[in-house]
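Both ligands and their constituent atoms are indexed starting at 1 by order of listing.
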Amino acid sequence: MDSIATHNCTIHFQNNCYPSINEHLNKRNFSKIFILVDENTHQHCLPYFLEKIETDVSIEIIEIESGELNKTIDTCVGVWNTLSELDADRKSLLINIGGGVITDLGGFVACTFKRGIAYINVPTTLLSMVDASVGGKTGVDLGHLKNQIGVISNPDLVLIDTYYLHTLPQNHMRSGLAEMLKHGLINDENYWNKFQDLSKLSLHNLDALIYESVIIKKNVVEKDPFENNLRKTLNFGHTLGHAIESYFLSSPDKTTLLHGEAIVIGMILATYISTELAGFPKQVAHHIKTLFIDYYGKVTIEKSEYAAIMQLLKYDKKNNHGNINFVLLEAIGKPRMDCLVDDDIIMDAFEFYAS
Ligand code: NAD
């Protein structure tokens, strides 16, 4: 698979990953290398990565606790302090090995430490391969509100090696798949059609699909790096999806929903809203709902909870001038941005999901 060069970052795949990083380490003369992991990627991914790395520069490992609940500014303070104590300077490199929590948080730590040091992302979940590590969005949550603090800035390299997926739990595989389904829905009907039998997907046929997803994301981000326009389409399903994710995160009696699981619900709701406001065909909306619920199951959201979830929409980063902006679909591959949606249509969308 050919490497993909973007404006100031190169994405390498499979066998190309390690010769490329070794060449980069050789060329750039970093003073120290720091590797950020959580306890799972420390155990499952770091040993393999270290075997492949050839450098004389000293390497320090920094481990943080896994999970979205730790994607906070407090964790960043801990990592900044550790970098300081271990004498990191402006010529240091941070390598983030992990899922979206590690690449988002590690990217933010790198972009802000001493006003910015170089970093590399080694995504180890499906979600971080096809989405979180591409496009330069970094950041952390603010309380239960997702991704409120952050900057957009690219890593030097992204290394996508699907070998790491062998140890990834199934529910996290499904969560990552949600973003690939989104790429099909917003961008490319041919790509979407490759996902019509989700039960047949396996690690063997995922490599080529991951590559296609990365190209879709890269093409969108390249045209609009700062989300003034086209990049907003990547938020399809995320307006309500993030609100649902935040609501579940903040409700002690609810099981936490994985990012992709919440986005799947958000996409079903946004598809329904699209039938009402953007002319999206109703039978296709029903098909999408059935396909998603068969594979992901249905999450119970009580009628009494709709208002609290809708209240969280006001924190969506795409809002401006107090308006909540939805991405809708006119057809598969034809998104429409900046759509305003009345509360009663959102309520109906929840009912459509529940029915
Ligand atoms: P995650 O980073 O929490 O990883 C999921 C779990 O898998 C964790 O427990 C982790 O320790 C474990 N894990 C990671 N790799 C493993 C491996 N190879 N083997 C075994 N276990 C492994 O979650 P995620 O789903 O990767 O990412 C979710 C985050 O990504 C969210 O915070 C979301 O906001 C963010 N995100 C960012 C962007 C972006 O553009 N920056 C896009 C989408 C999502």
Side-chain angles (χ1 to χ4, degrees), residues 9 36-49 63-72 75 96-108 110-111 119 121-142 144-155 158-183 203 213-214 216-218 220-221 225-227 231-232 234-238 241-246 248-249 256-264 266 316-317:
C9 161
L36 184 70
V37 286
D38 62 30
E39 72 280 9
N40 298 317
T41 58
H42 198 158
Q43 182 187 347
H44 297 297
C45 309
L46 183 65
Y48 178 79
F49 179 81
E63 183 185 308
I64 60 170
E65 256 182 78
S66 67
E68 186 70 31
L69 285 173
N70 298 302
K71 200 175 114 175
T72 62
T75 308
N96 303 313
I97 303 183
V101 168
I102 291 288
T103 54
D104 273 15
L105 184 142
F108 180 65
C111 292
Y119 75 101
N121 280 343
V122 184
T124 61
T125 63
L126 184 56
L127 186 121
S128 58
M129 288 179 189
V130 296
D131 198 355
S133 70
V134 182
K137 277 192 184 175
T138 72
V140 293
D141 302 335
L142 185 64
H144 295 300
L145 302 174
K146 294 270 307 165
N147 301 330
Q148 298 284 300
I149 311 294
V151 297
I152 296 184
S153 176
N154 265 302
V158 177
L159 309 180
I160 298 185
D161 180 354
T162 50
Y163 175 83
Y164 295 113
L165 297 179
H166 283 98
T167 53
L168 188 69
Q170 261 312 310
N171 58 340
H172 286 285
M173 286 296 286
R174 280 201 299 273
S175 175
L177 188 64
E179 299 290 355
M180 302 171 81
L181 296 166
K182 178 196 75 182
H183 289 150
L203 268 184
S213 250
V214 170
I216 291 173
K217 175 144 191 200
K218 172 243 168 199
V220 170
V221 169
F226 294 102
E227 202 166 305
R231 186 167 184 170
K232 291 181 193 170
L234 291 168
N235 293 314
F236 176 68
H238 284 56
H242 271 159
I244 293 166
E245 190 181 0
S246 295
F248 274 66
L249 260 179
T256 302
L257 279 183
L258 296 179
H259 177 73
E261 292 169 335
I263 296 313
V264 161
D316 195 274
K317 293 185 301 305

Side chains of residues 159-168: which donor-acceptor partners sit under 3.5 Å, not counting sequence neighbours?
unit_1	atom_1	unit_2	atom_2	d
Asp161	OD1	Tyr163	N	3.0
Asp161	OD2	Tyr18	OH	2.8
Thr162	OG1	Gln14	OE1	3.3
Thr162	OG1	Gln14	NE2	2.9
Thr162	OG1	Asp207	OD1	2.8
Tyr164	OH	Tyr18	OH	2.8
His166	ND1	Tyr163	O	2.9
Thr167	OG1	Tyr164	O	3.4

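- Residue contacts with ligand 1 for Lys71 involve side-chain atoms from C-beta outward but no N, CA, C or O (heavy atoms, distance under 4.0 Å).
- With a 4.0 Å heavy-atom cut-off, ligand 1 is reached by no atom of Leu258.
- Evaluation of the side chain to side chain donor-acceptor pair (under 3.5 Å) rule for Ser66 yields Glu39 as partners, not counting sequence neighbours.
- Contacts with ligand 1 closer than 4.0 Å are made by heavy atoms of both the backbone and the side chain of Ala132.
- Checked against a 3.5 angstrom limit, the closest N/O atoms of Thr138 and ligand 1 fall outside it.
- Contact of the Val158 side chain with the Cys9 side chain is registered, since non-hydrogen atoms from C-beta on lie closer than 4.5 Å.
- Counting only heavy atoms of the protein, atom 40 (O) of ligand 1 lies nearest to Lys217 NZ, 3.4 Å.
- Contact annotation for Cys45 and ligand 1: only side-chain heavy atoms (C-beta onward) come within less than 4.0 Å of the ligand.
- In Val101, the parts holding a heavy atom less than 4.0 Å from any atom of ligand 1 are both the side chain and the backbone.
- For Thr167, a nitrogen or oxygen atom sits less than 3.5 Å from a nitrogen or oxygen atom of ligand 1, counting backbone and side chain alike.
- Of the heavy atoms in Glu39, none comes closer than 4.0 Å to ligand 1.
- At a 3.5 angstrom cut-off on N or O pairs, His259 does not count as close to ligand 1.
- In this structure, Glu179 and Ile263 approach most closely via the heavy-atom pair OE2-CG1, 4.0 Å.
- For Asp104, every heavy-atom contact with ligand 1 shorter than 4.0 Å involves the side chain, none the backbone.
- In terms of polar-atom proximity, defined here as any N/O pair under 3.5 Å, Glu179 makes no such contact with ligand 1.
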